[in-house]
Amino acid sequence: MNIQNFSLSEKLVSSSYVRQGLQARRGHEQLVRVLLQQGKCPEEGWSESTVELFLNELAVMDSNNFLGNCGVGEREGRVASGLVARRHYRLIHGIGRSGDIAAVQPKAAGSSLLNKITNSVVLDVLKFTGVRSVSSCFVVPMATGMSLTLCFLTLRHRRPGARFILWPRIDQKSCFKSMQTAGFEPVVIENVLEGDELRTNLEEVERKIEELGAENFLCVHSTTSCFAPRVPDRLEELAVLCAKHDIPHIVNNAYGMQSSKCMHLIQQGARVGRIDAFVQSLDKNFMVPVGGAIIAGFDENFIKEISKMYPGRASASPSLDVLITLLTLGANGYKKLLAERKELYGHLAQELSALAERHGERLLHTPHNPISLAMSLNHLQTHSTAAVTQLGSMLFTRQVSGARVVPLGVEQTVSGHTFRGFMSHADAYPCPYLNAASAIGITRDDITLCIKRLDKCLKSLSKEASAEKSESGSKTEKCSVFSRSTHLI
C-alpha cells in the first residue's frame, strides 16, 4: 500500500498499529531500494516475504496483470492454469525480444527489470567469487552445452573462414557435441600424464596451431571443472598462446564458480593473455533446477554480441530461480556454502583415502583438481573387469548418486568420433578408478553415508571374488584327483 492508503487505514484501525505496519513495509522497501541502486547481491539474505513482495511488485508491472488490459495479440501472457501462473509468480512474458535476449519488452516492464537485476546480481557474484575484472554477463535459458554453442556461433561471424576448434580432451559428451552442433570440427588434444594427473599438452596445442594455421581455428575451447584424475586446463598458458596467435578463447567453467582455484585461473588467464568468454551452469553452482547458464566475459561488446545471437524471446524461469536463490542466501550465505564445500573436500579426501587403504587401493594424487577426487580400483580389477563395472551398479542401487566408476578400455563413439578409454580422459589411463566430488551443497552426512555404503560394496565384491576363487580351486583339485585315479587304473 502507498502512504495515502495507510492514512485511510487509520480510520479503521488504531493509527499506532497502522504506523507500525507502515514501518514494517518500509523495511521491505528499503531492501528493494538498495538492490535497485547498487545492483549487487545483498550481504544478508532476504526473508521469503520480502522476496515474494518484490516479485509481486514486478509482476503487476507486466501487461498481462494490468486490471484493465485488453489483449488482442498472439502473445499476451495468457495462462490457462492458475497453478502454472503461481509457479512463475505471474511473470509470464519471459525475457528479451525477437532480436535480443537482453532487450526490454514494452509489454513486460517487470520481467525486463527482473532480467536486468538478475544479470547485475550475478555479475557481482562472479566478481566476489574470484573473477574481479569480468565486465559483463547474462543469464541464458540453456544449459552449458548449448550456451557454448551460442558462443561458437557468435564467433563464426568474426572468423567466417574458420573450420576447427582446438579442444584439450575431456570425456563429457555435451562439450564435444557443442562444437559439432555449431558446425565446427573439433581438433582433439590428448592430455599428458603427470604423476596421477592428466594435464594439458601445451606442446601439442602449439604444434596443431602451426600445422593447421591459426586463421583456420575458430577458438580454443578449454575446461576448468572436470572429473579427476583430469585437472583444470593450463588456462594461463593457453590464454598466452591465444593472444600470441590471435585466436579466440572460450572456457567451459561448468561448475567452476564454486571453486576459488577455477575462478582464479580464469582471472589470471584474462590478465596475462586472452579469454573471450567463460560459461558456467546455474544448477551446478547455485542449486537451482537444470536449464540455465551464465555467459560472461571481459569485453562488454562481445558479450552483447552473444546475447543478440539468441533468436527470439526466452524463458525467464532460470533468471527467476537464480535471483530468488541469491536474494534468499545473500552474499554472506553463498560465501558460507562455498567455504563449507571447500572444507568438506578435505574431509572427503581423508575418508576416501582411509577407505582405499583398507581395501588395498589408494587415493589418486590430483592436487590441481579442487572439486573431484579419484580412488584406484586396481585390487578390484585383479578379480575381474566385471567386478569394476558391477561396483557402479551396486552404488547406484544403494542410492549413492554422482559416484562414477571408470573401467579400463571402454570405447565410445560420439557424433562420429571414437574415444578410446572413454570417461578416463585418456586413451589408456594406468588404472580403473572411482570418482567422488565435493560440490556445493554437499553435507558431512552425505560423505559418511557414501563411505559406509562404498565400504560394504567393496567388501561384498571381495567376498564374492574369494568364494569364486575358492570354488574354482576346489574344482581344479577334484579334476586333478580324478586324473591321477584314471592314470593308476
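We count residues from 1, following the sequence as given. This is a predicted model, so every value here is computed, not measured.
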Show the atom names and distances, to 0.1 Å, of all donor-acceptor pairs under 3.5 Å that link a side chain in residues 117-132 to residues at least two apart or in another chain.
residue	atom	partner	partner atom	Å
T118	OG1	L114	O	2.7
N119	OD1	V139	N	2.9
N119	ND2	N115	O	3.4
S120	OG	G39	O	2.5
D124	OD2	C41	N	3.0
T129	OG1	V125	O	2.7
T129	OG1	L126	O	3.1

Donor-acceptor pairs are to be reported for all side-chain atoms of residues 434-442 against protein atoms at under 3.5 Å, with residues two or more places apart or in another chain.
residue	atom	partner	partner atom	Å
N435	OD1	R404	NH1	2.6
N435	ND2	A228	O	2.6
N435	ND2	L373	O	3.1
S438	OG	R341	O	2.9
S438	OG	Y345	N	3.2

Using distance only, find each side-chain donor-acceptor pair of residues 29-38 under 3.5 Å and give its atom names and separation, not counting sequence neighbours.
residue	atom	partner	partner atom	Å
E29	OE2	R25	NE	3.0
Q30	OE1	R33	NH1	2.3

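For the side chain to side chain donor-acceptor pair (under 3.5 Å) test, residues two or more places apart in sequence or in another chain that qualify with H347 are R444. For E411, the side-chain contact (heavy atoms from CB on, under 4.5 Å) partners at least two apart in sequence or on another chain are T418, R420. Looking at residues two or more places apart in sequence or on another chain, you find no side chain to side chain donor-acceptor pair (under 3.5 Å) involving H264. For S14, the side chain to side chain donor-acceptor pair (under 3.5 Å) test picks out S16, with sequence neighbours left out. Residues passing the salt bridge (Lys or Arg N to Asp or Glu O under 4.0 Å) test with D276, sequence neighbours excluded: R274.
The aromatic rings of H417 and F176 sit tilted relative to each other, their planes meeting at an angle between 30° and 60°. Note on ring orientation: taking the six-membered ring where Trp is involved, the planes of F419 and F422 are tilted (angle from 30° to 60°).
For residues 219-231, the pairs satisfying side chain to side chain donor-acceptor pair (under 3.5 Å) are S222-H249, T224-N253, R230-D233, with sequence neighbours left out. Within the structure, side chain to side chain donor-acceptor pair (under 3.5 Å) contacts touching residues 166-178 (residues at least two apart or in different chains) are R169-D171, R169-E190, R169-D427, Q172-S174. Evaluation of the side chain to side chain donor-acceptor pair (under 3.5 Å) test over residues 446-455, restricted to residues two or more places apart or in two chains, returns H359-D455, T443-D446, D455-K459. Pairs of residues two or more places apart, or lying in two chains, never qualify as ring-ring contact (aromatic ring centres under 6.0 Å, His included) while including a residue from residues 300-321.
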